[in-house]
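Worksheet: the structure to be examined is printed underneath.
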Amino acid sequence: MVNLGLPASIPNRKLQFHDNIDFAAQPSFNNFTPLKSSSLKKIIGMEIMKERFKVKGEALATEIKELLKEHGNKKIGEVHLSQIYQGMRGITGLVAETSLLDAQEGIRFRGYSIPELQQKLPKAEGGNEPLPEGLFYLMLVGELPTDEQAQHVTSVWQRRSHVPNYVFDTIEALPVNAHPMTQFVVAVMALQTQSQFAKRYAAGMSKKDYWDAVFDDSMDLIARLPRVAAYIYRRKYKNGEHIQPNGLLDWAGNFAHMMGYEDESFKELMRLYMTIHADHEGGNVSAHATHLVGSALSDPYLSFAAGMNGLAGPLHGLANQEVIKWIFELREELETELPTKDQISEYVKKTLSQGKVVPGYGHAVLRKTDPRFTAQMEFGKKHMPDDPLVQTVWNIYETVPPILQSLGKIKNPWPNVDAHSGALLVHYGMVEYEFYTVLFGVSRALGVLAGLCWDRILGLPLERPKSVSTRLVKKWLNGEDEIWGD
Ligand code: AMX
């Protein structure tokens, strides 16, 4: 990893709320050593990523213009009345370059499946899991990065990771029992004052430079999120005993460290977690909300906060906390650490009879076991095969699908990403399940912000689909030609 000459960690030192240090601005800070010229070169090399993105983005923008000139009137589908009442399922209405979801296969990032990414993306020294930095490069540039290119991303995120003190003050103004996602979104909004896009727009930035400012904001925001998220975690669950960043670590490894987890295999889990939760094409609530709000030229901070408010919903990202809560309640009610499949089956039926969903199961698009679930299962088999909670997740996997299938109305009875993640985190002692969606949010930033960069370089316009009232629908059905609703 690149050594930026940042100070080593000071674990478990109780920091003052104002003890957030801008390392770059404080050369006299203890242990500070100047940047080595090789590190500097790598940072400058990072500008190459921006350049590559510019070349790729502008080329695709030109290609799309030609494509639309020739084929713009081609029909790509039709819309049924039921679809507009049912969450627009199956209506193709968005472009997202970063990843594509196949109902049977699962997610592919720029054509690569999750097992392929685990094989092909750069790793941390001595590690086996992919570096999320590499995935970000792939989503942005469309090419697999070399080890050095992934390290460039690490270095630049380290360099941009300073969080101003007033952001911590803003978090501190909230009651400590505020949901971590509320604290997270408030912190992102506090960071918004840092937006380059907002400043440059106010100063009269040209349209052709929008992408450049969005790129800079996205890089800053991604760099800062682990610090903010770790601060919320330590504030809420560890008596406000904060841990300083370790400039020798990669983005996810440093995040684990700042939350207080030094186990190497937890760092590996964070690398995997941050990679597999990053993106799920464009129509999911967090990606779509970010894209929609960004289409109004709201800056990346405002747009990302909108996406995170969506992720905080129980049918989307909050499902991961719901899953582990549901399993804890199951264990408590049955007074056993390892419920049998029959006991699980009874509990599932009880959940359904109470009019609740089985969290972690089902998906709006996927129609098979989520490969992100499988990747986590493989991690569990490798690192903690005997953990009773992890085994319970696997027993649930064998029990739930046939029950859901028997109901006849559920389109996908298989587990999604959220069905597994909590059990792995609990294994390492991260039992505070209310925090899990924040982890998801830090990861999701990679996909939705890479997506926002693409939106602006492609010059995508304000999103404004047409809506209708039921009154109008009824008139259509009666063959009346009225265009006004209510
Ligand atoms: N348990 C019980 N009922 C379920 C169910 C589940 N896990 N999944 C779907 N259903 C029900 C729906 O509530 C709906 O019932 P209704 O007709 O009475 O309203 C019916 O089955 C048909 O739903 P669907 O078309 O199969 O799913 P959808 O596209 O409407 O919703 C999802 C998808 C994910 C919201 C849904 O499967 C669900 O609520 N799952 C549980 C929550 C969850 O795990 N969310 C995480 C999703 C992944 C993510 O974003 N992180």
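Read the numbers this way: they start at 1 and go in the same order the structure lists the ligands and their atoms.
Near Ala319, meaning under 4.0 Å from one of its heavy atoms, ligand 1 places the atoms 43 (C), 44 (O), 45 (N), 46 (C). Every atom of ligand 1 is numbered from 1 in the order shown, and the set under 4.0 Å from a heavy atom of Ala364 is 29 (O), 33 (C). Close contacts of ligand 1 with Lys411, meaning ligand atoms under 4.0 Å from a residue heavy atom, involve 25 (O), 26 (O). Close approach to Leu352 involves these atoms of ligand 1, each under 4.0 Å from a residue heavy atom: 2 (C). If you number the atoms of ligand 1 from 1 as listed, the ones under 4.0 Å from a heavy atom of Phe440 come out as 51 (N). Residue Gly360 has at least one heavy-atom neighbour below 4.0 Å for each of these atoms of ligand 1: 43 (C), 44 (O).
For atom 16 (P) of ligand 1, the closest non-hydrogen atom of the protein is Lys409 NZ, 3.7 Å. Of the protein's heavy atoms, His316 ND1, 2.7 Å lies nearest to atom 50 (O) of ligand 1. Here the protein heavy atom with the shortest distance to atom 13 (O) of ligand 1 is Val357 CG1, 4.2 Å. Closest to atom 39 (O) of ligand 1, if we only count protein heavy atoms, is Leu315 CD2, 3.4 Å. For atom 38 (C) of ligand 1, the closest non-hydrogen atom of the protein is Tyr361 O, 4.0 Å.
Counted by atom type alone, Ser265 and Asp263 present one or more donor-acceptor pairs between their side chains at under 3.5 Å. Side-chain contact check for His288 and Glu463: at least one donor-acceptor pair (N or O, by modelled atom type) lies under 3.5 Å. Counting only N and O atoms by type, the side chains of Asn320 and Thr437 include a donor and acceptor under 3.5 Å apart. For the residue pair Trp414 and His363, no side-chain donor N or O sits within less than 3.5 Å of a side-chain acceptor on the partner. With 3.5 Å as the limit, one finds a donor-acceptor pair spanning the side chains of Tyr231 and Glu172. With hydrogens and angles left out, the side-chain atoms of Thr193 and Tyr301 include no donor and acceptor closer than 3.5 Å. Between the side chains of His383 and Glu378, no donor N or O sits under 3.5 Å from an acceptor N or O. For Thr154 and Asp250, the side-chain atoms include no donor-acceptor pair closer than 3.5 Å.
The N/O atoms of Val358, backbone and side chain alike, include one that comes under 3.5 Å of an N/O atom in ligand 1. When only interatomic distances are considered, the shortest N/O to N/O separation between Asn416 and ligand 1 falls below 3.5 Å. Every N/O-N/O distance between Gly317 and ligand 1 stays at or above 3.5 Å.
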His257 vs Tyr261, ring-ring contact (aromatic ring centres under 6.0 Å, His included): CA-CA, chis, key distance, verdict: CA-CA 5 Å; His257 156 74; Tyr261 294 87; over 10 Å; no
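With a 4.0 Å cut-off on non-hydrogen atoms, Asp418 touches ligand 1 through its side chain and not its backbone. Under 4.0 angstrom from ligand 1, there are no non-hydrogen atoms of His280.
For atom 19 (O) of ligand 1, the nearest protein heavy atom lies 4.0 Å away or farther. At a distance under 4.0 Å, no protein heavy atom can be found next to atom 23 (O) of ligand 1. Under the 4.0 Å distance rule, the nearest protein heavy atom to atom 46 (C) of ligand 1 falls inside the cut-off. Within the 4.0 Å cut-off (strictly below), a protein heavy atom is located near atom 41 (C) of ligand 1. For atom 32 (C) of ligand 1, no protein heavy-atom neighbour is present inside the 4.0 Å cut-off.
Contact between Arg89 and ligand 1 is present, with at least one heavy atom of the residue lying under 4.0 Å from the ligand.
When the heavy-atom distances from atom 10 (N) of ligand 1 to Val323, Ile410, Val285, Leu366 are ranked, the shortest goes to Ile410.
Between the side chain of Asp299 and the backbone N or O of Ala198, no donor-acceptor pair lies under 3.5 Å.
Taking the six-membered ring for Trp, Tyr397 and Phe373 have ring centres closer than 6.0 Å.
Aromatic ring pairs are classed by plane angle as parallel below 30°, tilted from 30° to 60° and perpendicular above 60°; the pair Tyr436 and Tyr433 is perpendicular.
The side-chain hydrogen bond (donor to acceptor under 3.5 Å, both in side chains) test with Arg235 is passed by exactly one of His242, Glu241, Gln183: Gln183.
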